[in-house]
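Here's the structure we're looking at; comments come further down.
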Amino acid sequence: MQRVLLDVDTGIDDALAIAYAVRSSALEVIGITTTFGNVSVDNATQNTLHVLEQLDAADIPVAKGEAAPLFHPLFKSYPSEIHGEVGLGLWSASEPASKPVSTPAGAFIVEQIKRYPNQLTLICVGPLTNLATAIMQAPEITSLVHQIIIMGGAVKVAGNRQMHAEANIYSDPEAAQFVFQSGAPITLVGLDVTMQTELNSEDVRRWREQDTPLATFLADVTEYYINGYKKLYPDREGCALHDPLAVAVAIDPSLVEIQPMVLQVDLEGVHSYGRTVADLRERCTAPPNVNVCVGVEAKRFQEHFHRTIME
Ligand code: BDR
Ligand code: CA
C-alpha cells in the first residue's frame with residue numbers, strides 16, 4: 001500500500017477524491033490537510049470531517065491549514081455556483097463529531113514526510129499555500145518526499161478561473177511558483193487532462209440505485225456540481241473529475257501520459273496572472289522541473305473510479 005497525504009479545499013470534487021483515496025486498496029491515507037479555495041478553510045475543514053464520517057474513516061487525522069494566500073489578499077468570493085455556499089452543494093449536516101488535530105497543516109506535512117522518509121506521496125488538490133508553508137519551514141522535505149501530485153494548472157489549454165489561469169494556481173500563484181521551483185518531484189495533473197474526464201447524470205442515477213447512505217450522499221452533492229457545470233459548459237454532459245484524477249495518478253500512473261517540462265507561474269501578467277507557462281521550445285535546454293500530464297485514458301480512469309468507490 002502506498003502511503004498518501006491529501007491536501008484539500010473540500011469542495012465537491014475534493015469530496016469525491018477523498019472517497020476514492022480512502023476506498024482504494026492501493027492507498028493508505030495517513031492524513032488530510034485543509035486549505036481555503038473552493039470555500040473558507042473553516043468550511044473546507046468541516047466538510048472534510050463530514051466526508052470522512054460518511055466513509056466511516058473518522059480516525060484519519062485532519063489538520064487545518066492556511067486561511068488566505070501567502071501574499072495577495074483573499075479573493076472576494078468563493079465559487080458557490082459550482083460547489084455551493086459551504087462547499088458540498090445543498091447538503092447540510094450537523095456539526096461533525098470529530099475535530100481537527102491541533103497541529104497546523106504546514107507543520108503536519110513536515111512531520112509526516114519526516115516520519116516516512118522517501119515513502120510518502122502528497123496529493124494536493126487545492127491552492128498550494130499549505131505546501132509552500134511546509135517547504136519554507138523545512139526545505140529538506142523536498143528531497144524526503146516520495147512524490148507530489150498536484151491538481152492544478154492549464155499548460156496547453158484555456159484556464160477556468162481566468163482566461164489562462166486554473167483555479168487552484170490562481171488562488172495562490174506565488175505559493176505555486178515557489179513550490180514548482182523548490183526542486184521537489186512534482187507531477188502536474190492540470191485542466192489539460194482533467195477536462196477530458198466526466199461524471200454525468202447517468203452515473204448519479206447508478207449511485208441512487210445503490211441506495212446506501214454513502215451513495216446517496218455522493219449523488220446529492222454531485223448533482224449540484226453537475227448542474228453548476230452545465231451552466232458554465234452547456235456542451236458538456238456532466239462535470240469534470242479534477243481532483244479524483246490526481247488520486248488516480250497515485251494509484252496507477254499508466255493512466256496518464258507525462259511530459260517533463262520547464263514550468264513557471266506568471267506572477268506579473270495583466271491578463272495572465274496565475275497562468276502556468278511552459279517552455280515548449282525544442283531548443284530549451286534547462287532541466288525540467290515538473291512532469292506535466294498531457295494525455296489521459298479517461299474511460300479507464302472513470303470505470304476504475306466508480307468501481308473503487310462502490311466496492
Ligand atoms: C480545481 O479547482 C477547484 O474548484 C476544484 O476542487 C479543483 O481542485 C479545478 O480547477
Ligand atoms: Ca479542490
Side-chain angles (χ1 to χ4, degrees), residues 5-21 32-41 43-48 51 62 65-66 69 74-75 77-89 105 122-131 148-173 175-176 179 187-199 218 221-222 224-229 231-233 236 238-250 265 274-276 292-293 296 305:
L5 191 156
L6 307 183
D7 185 55
V8 298
D9 59 332
T10 317
I12 296 172
D13 61 327
D14 303 75
L16 298 176
I18 294 170
Y20 188 23
I32 304 187
T33 52
T34 61
T35 183
F36 74 96
N38 290 324
V39 285
S40 71
V41 68
N43 283 336
T45 308
Q46 295 288 88
N47 293 344
T48 303
V51 173
V62 173
E66 300 300 319
L74 197 60
F75 294 117
S77 63
Y78 296 111
S80 57
E81 67 289 0
I82 303 270
H83 294 279
E85 284 302 324
V86 291
L88 291 177
L122 288 191
I123 305 175
C124 302
V125 297
L128 293 170
T129 324
N130 287 338
L131 179 54
I148 304 176
I149 301 172
I150 293 171
M151 190 285 127
V155 178
K156 294 184 181 175
V157 298
N160 57 0
R161 184 70 184 263
Q162 295 289 309
M163 248 192 294
H164 299 295
E166 180 279 333
N168 288 339
I169 305 298
Y170 188 68
S171 294
D172 195 347
V179 167
T187 299
L188 194 70
V189 183
L191 300 181
D192 303 72
V193 281
T194 64
M195 286 300 281
Q196 295 180 42
T197 68
E198 188 165 274
L199 189 138
L218 294 174
V221 296
T222 307
Y224 187 95
Y225 192 50
I226 291 177
N227 288 337
Y229 252 79
K231 283 180 210 145
L232 287 178
Y233 304 95
R236 285 186 68 111
C239 60
L241 286 167
H242 302 290
D243 295 349
L245 185 60
V247 172
V249 173
V265 180
R275 180 181 191 170
T276 42
V292 178
C293 296
V296 58
F305 169 79

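Ligands are counted one by one from 1 in listed order, and the atoms in each one are counted from 1 as well. Numbering starts at 1 and runs along the sequence shown.
Using a cut-off of 3.0 Å, one finds that D14 contributes an N/O/S atom close to the Ca ion (ligand 2). Not a single N/O/S atom of G11, whether from backbone or side chain, sits less than 3.0 Å from the Ca ion (ligand 2).
The atoms of ligand 1 that sit less than 4.0 Å from any heavy atom of N160 are 9 (C), 10 (O). For ligand 1, the atoms lying closer than 4.0 Å to a non-hydrogen atom of D14 are 6 (O). Annotation for ligand 1: atoms under 4.0 Å from non-hydrogen atoms of E166 are 1 (C), 2 (O), 9 (C), 10 (O).
The name of the N, O or S atom in D9 nearest to the Ca ion (ligand 2) is OD1. The N, O or S atom of D243 with the smallest distance to the Ca ion (ligand 2) is OD2.
Here the heavy atom of the protein found nearest to atom 6 (O) of ligand 1 is D13 OD1, 2.5 Å. Among protein heavy atoms, the minimum distance from atom 3 (C) of ligand 1 is reached at N38 OD1, 3.1 Å. The protein non-hydrogen atom at the shortest distance from atom 2 (O) of ligand 1 is N168 OD1, 3.4 Å. Here the heavy atom of the protein found nearest to atom 8 (O) of ligand 1 is D243 OD1, 2.6 Å.
When V193, D192, L191 are each tested for a side chain to side chain contact (heavy atoms under 4.5 Å, CB included) with V189, only one passes: V193.
Polar contact with ligand 1: absent for M151 (N/O pair, distance under 3.5 Å).
Using a 4.5 Å cut-off on side-chain heavy atoms (C-beta onward), L16 and L218 make contact. The side-chain heavy atoms of T33 and L5, taken from C-beta on, include a pair separated by under 4.5 Å. T34 places none of its side-chain heavy atoms less than 4.5 Å from the side chain of N47.
A cation-pi arrangement is not found for R275 relative to Y170, the charged atom failing to lie both closer than 6.0 Å to the ring centre and inside a 45° cone about the ring normal.
Once rounded to the nearest 0.5 Å, the distance linking CG of N168 with CG of D9 reads 5.5 Å.
Aromatic pair H83/Y225: ring centres closer than 6.0 Å.
Within 6.0 Å of the CD atom in E81, the count of heavy atoms belonging to other residues, nucleotides or ligands exceeds 12.
Within the structure, the closest approach of R161 to ligand 1 does not fall below 4.0 Å when heavy atoms are considered.
A salt bridge links E198 with R236: the distance from a Lys NZ or Arg NE/NH1/NH2 to an Asp or Glu carboxylate oxygen falls below 4.0 Å.
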